[in-house]
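One structure is given here, and the rest of the page talks about it.
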Amino acid sequence: MNWKQLISNKRLGQEHMHAERHDDRSEFKRDYDRLIYSAPFRRLQNKTQVFPLPGSIFVHNRLTHSLEVSSLGQSLGNDVCKKLKEIHPELANTLFEEIGTIVSAACLAHDLGNPPFGHSGEKAIQTFFTEGEGACLKGQLSPEFWNDITHFEGNANAFRLLTHQFIGRRNGGFVMTYSMLASIVKYPFASSIAGNHGKFGFFQSEQEDYKKIADELGIICKSDNGEPLKYARHPLVYLVEAADDICYEIMDIEDSHKLKILSFEKTSKLLLGFFDEKTQNHIKERIEEQEVTDLNEQVVYMRACVIGKLEYECVKTFVDNEEKILNGEFKGSLIDNISDLPRNAYKKCEEVSKNKIYLSKPVLDIELSGYKILDTLMNVFIDAAVNPERYYSKQLIRRVSSQYDIHSESLEIRIMAIIDYISGMTDVYALDIYQKINGISLPIV
């Protein structure tokens with residue numbers, strides 16, 4: 001792969017159009033602006049990140065997480081650009097100089113496809129078809145579609161949201177640039193080869209869109225004729241992934257301290273573990289010099305130091321492995337390949353997160369509740385899509401937004417319309433619909 005082909009401002013759905021511009025924004029900045037002003041992006045403020053949505057103590061939701069990931073992605077992209085231009089001076093004054101903006105926009109979009117209630121929402125949609133009432137539908141659906149819905153994945157759903165031509169939305173969804181769209185596809189292959197990890201990059205309905213983008217950008221195809229579609233990653237995916245990995249893990253540690261799931265001693269030990277003894281002492285001295293006495297603020301300072309360290313390490317790893325990345329030969333994530341001390345400290349944070357944070361009572365409670373809510377909504381609305389002639393089905397279908405093709409003659413399209421509708425809900429809206437269809441609450445006029 002080569003950078004000049006990989007970075008394109010061509011727009012999906014407007015390949016042959018030349019819109020008149022009234023400002024100096026680049027096409028990639030337009031991507032960013034379209035996302036940040038969009039309704040799906042705003043809805044992230046009411047979607048669970050890890051912990052229940054905030055009460056008296058503010059923790060991250062999907063919106064604040066995405067904004068932080070975008071900020072870090074901008075830094076990663078800009079720093080990689082600066083270093084690679086020193087190696088490849090011919091990239092100066094080309095679209096390559098915009099990779100910071102591309103990564104930043106892709107980071108804004110990376111969680112748009114996540115259903116309410118985080119991971120438990122994904123599992124509720126998947127298991128409705130593998131373990132629940134939806135299992136009986138297998139014989140009525142194509143194998144490709146069955147693979148898609150039984151592996152339902154937020155990453156693939158984000159690509160669908162940005163590219164699919166929903167009713168009333170012309171020119172193929174958000175009409176994003178090719179490079180930005182390719183940068184969010186973390187798993188660039190079909191659901192049929194998702195394997196045990198269950199991850200994939202695009203639904204069958206958007207497969208041709210991804211193929212069109214990948215072929216235009218010169219992304220390496222790894223599948224032979226007749227095999228399920230599989231590509232190498234677009235190089236900028238590694239930067240989007242790194243920004244997400246860093247923010248997700250390190251900010252969860254900070255939130256856990258605020259919620260008193262982790263003690264100050266445990267939190268500071270985890271964060272200082274990214275540095276050698278000399279740097280640890282320097283950080284402690286800086287905290288004393290600045291007279292930071294509040295423990296939460298001390299954690300904030302240490303967290304900032306860790307993010308800076310990991311950003312530096314990921315930039316270095318990307319630049320050092322540029323050839324492997326461009327050849328589609330790089331293995332693992334950037335975090336997997338940073339130097340030993342910060343990598344081991346990151347793994348320690350992952351271990352603590354898994355055992356202490358993600359199994360804590362607040363997190364388990366929201367996962368249990370979210371799973372039940374999503375499973376119920378899937379059960380009721382999918383039944384309505386399968387049996388649209390029934391009286392109750394007609395009432396439920398009136399609830400579905402007109403942008404989704406719920407009246408299609410195709411059962412698969414109707415089922416996907418329901419998944420689109422439910423996955424686009426916020427936590428609060430999903431709870432509200434759950435309560436209403438179960439007769440738990442009535443609308444107040």
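All residue numbers in this chain count up from 1 along the given sequence. Just so we're clear, the structure is a prediction, and the values are computed from it rather than from any experiment.
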Test log, rule side-chain hydrogen bond (donor to acceptor under 3.5 Å, both in side chains), inputs Ser423 and Asn157: CA-CA 9 Å; Ser423 65; Asn157 202 40; 3.2 Å; yes
Do the side chain of [X] and the main chain of [Y] share a donor and acceptor less than 3.5 angstrom apart?
{"X": "Asn2", "Y": "Leu326", "answer": "no"}
{"X": "Asp427", "Y": "Phe117", "answer": "yes"}
{"X": "Arg43", "Y": "Thr426", "answer": "no"}
{"X": "Glu241", "Y": "Val237", "answer": "no"}
{"X": "Asp276", "Y": "Thr279", "answer": "yes"}
{"X": "Asn344", "Y": "Asp340", "answer": "yes"}
{"X": "Gln126", "Y": "Phe152", "answer": "yes"}
{"X": "Ser71", "Y": "Glu68", "answer": "no"}
{"X": "Glu313", "Y": "Ser339", "answer": "yes"}
{"X": "Ser191", "Y": "Ala194", "answer": "no"}

Pair Asp320-Thr317, side-chain hydrogen bond (donor to acceptor under 3.5 Å, both in side chains): steps then yes or no: CA-CA 5 Å; Asp320 289 347; Thr317 300; 6.0 Å; no
Heavy-atom distance under 4.5 Å between the side chains of [X] and [Y], does that happen here?
{"X": "Leu35", "Y": "Leu112", "value": "yes"}
{"X": "Phe200", "Y": "Asn155", "value": "no"}
{"X": "Met416", "Y": "Phe203", "value": "yes"}
{"X": "Lys230", "Y": "Pro188", "value": "no"}
{"X": "Glu254", "Y": "Met251", "value": "yes"}
{"X": "Phe275", "Y": "Val306", "value": "yes"}
{"X": "Leu84", "Y": "Val319", "value": "yes"}
{"X": "Glu322", "Y": "His88", "value": "yes"}

Ring-ring centroid check Tyr210 Tyr231, cutoff 6.0 Å: yes
Near-ring test Tyr238/Phe330, centroid separation under 6.0 angstrom: yes
In Å, rounded to the nearest 0.5 Å, how long is the span from [atom1] of [X] to [atom2] of [Y]?
{"X": "Lys10", "Y": "Leu181", "atom1": "NZ", "atom2": "CG", "answer": "13.5 Å"}
{"X": "Lys356", "Y": "Leu262", "atom1": "NZ", "atom2": "CG", "answer": "8.0 Å"}
{"X": "Asp245", "Y": "Glu350", "atom1": "CG", "atom2": "CD", "answer": "8.0 Å"}
{"X": "Glu206", "Y": "Leu162", "atom1": "CD", "atom2": "CG", "answer": "10.5 Å"}
{"X": "Glu144", "Y": "Ile149", "atom1": "CD", "atom2": "CD1", "answer": "12.0 Å"}
{"X": "Glu98", "Y": "Asn78", "atom1": "CD", "atom2": "CG", "answer": "10.0 Å"}

What pair of heavy atoms forms the shortest contact from [X] to [Y], and how long is it?
{"X": "Lys47", "Y": "Met425", "result": "CE-O, 2.9 Å"}
{"X": "Ala158", "Y": "His110", "result": "CB-O, 4.3 Å"}
{"X": "Tyr32", "Y": "Ser104", "result": "CE1-OG, 3.4 Å"}
{"X": "Ser66", "Y": "Phe41", "result": "CB-CE1, 4.1 Å"}
{"X": "Leu271", "Y": "Val299", "result": "CD1-O, 3.9 Å"}
{"X": "Asn379", "Y": "Phe128", "result": "CA-CE1, 3.4 Å"}

cation_pi(Arg160, Phe202) dist<6.0 Å, angle<=45: no
Full working for salt bridge (charged side-chain N to carboxylate O under 4.0 Å, His left out) between Arg25 and Asp33: CA-CA 10 Å; Arg25 288 180 299 162; Asp33 292 345; 2.8 Å; yes
Should the heavy atoms of other residues, nucleotides or ligands under 6.0 Å from [atom1] of [X] be counted, would the total exceed 12?
{"X": "Glu133", "atom1": "CD", "answer": "no"}
{"X": "Tyr312", "atom1": "OH", "answer": "no"}
{"X": "Lys186", "atom1": "NZ", "answer": "yes"}
{"X": "Glu409", "atom1": "CD", "answer": "no"}
{"X": "Lys211", "atom1": "NZ", "answer": "no"}

NZ/NE/NH1/NH2 to OD/OE distance under 4.0 Å, [X] and [Y]:
{"X": "Asp79", "Y": "Lys83", "value": "no"}
{"X": "Asp336", "Y": "Arg343", "value": "no"}
{"X": "Glu86", "Y": "Lys82", "value": "no"}
{"X": "Glu351", "Y": "Lys354", "value": "no"}
{"X": "Lys324", "Y": "Glu329", "value": "no"}
{"X": "Lys85", "Y": "Glu97", "value": "yes"}

Stepwise side-chain hydrogen bond (donor to acceptor under 3.5 Å, both in side chains) test for Asn147 and Ser192: CA-CA 6 Å; Asn147 275 325; Ser192 57; 5.0 Å; no
Option among Leu270, Ile261, Asp252, Thr267 that satisfies the side chain to side chain contact (heavy atoms under 4.5 Å, CB included) test with Val352: Leu270
Criterion side-chain hydrogen bond (donor to acceptor under 3.5 Å, both in side chains) on His164 and Asp209, from CA distance to verdict: CA-CA 9 Å; His164 187 74; Asp209 284 333; over 6 Å; no
Test log, rule side chain to side chain contact (heavy atoms under 4.5 Å, CB included), inputs Ile102 and Phe96: CA-CA 10 Å; Ile102 298 171; Phe96 178 79; over 6 Å; no
Test side chain to side chain contact (heavy atoms under 4.5 Å, CB included) applied to Arg303 and Ile253, step by step: CA-CA 9 Å; Arg303 179 263 297 158; Ile253 298 295; over 6 Å; no
Intermediate values then yes/no, side chain to side chain contact (heavy atoms under 4.5 Å, CB included), Lys212 and Leu12: CA-CA 9 Å; Lys212 180 179 183 179; Leu12 185 68; 4.2 Å; yes
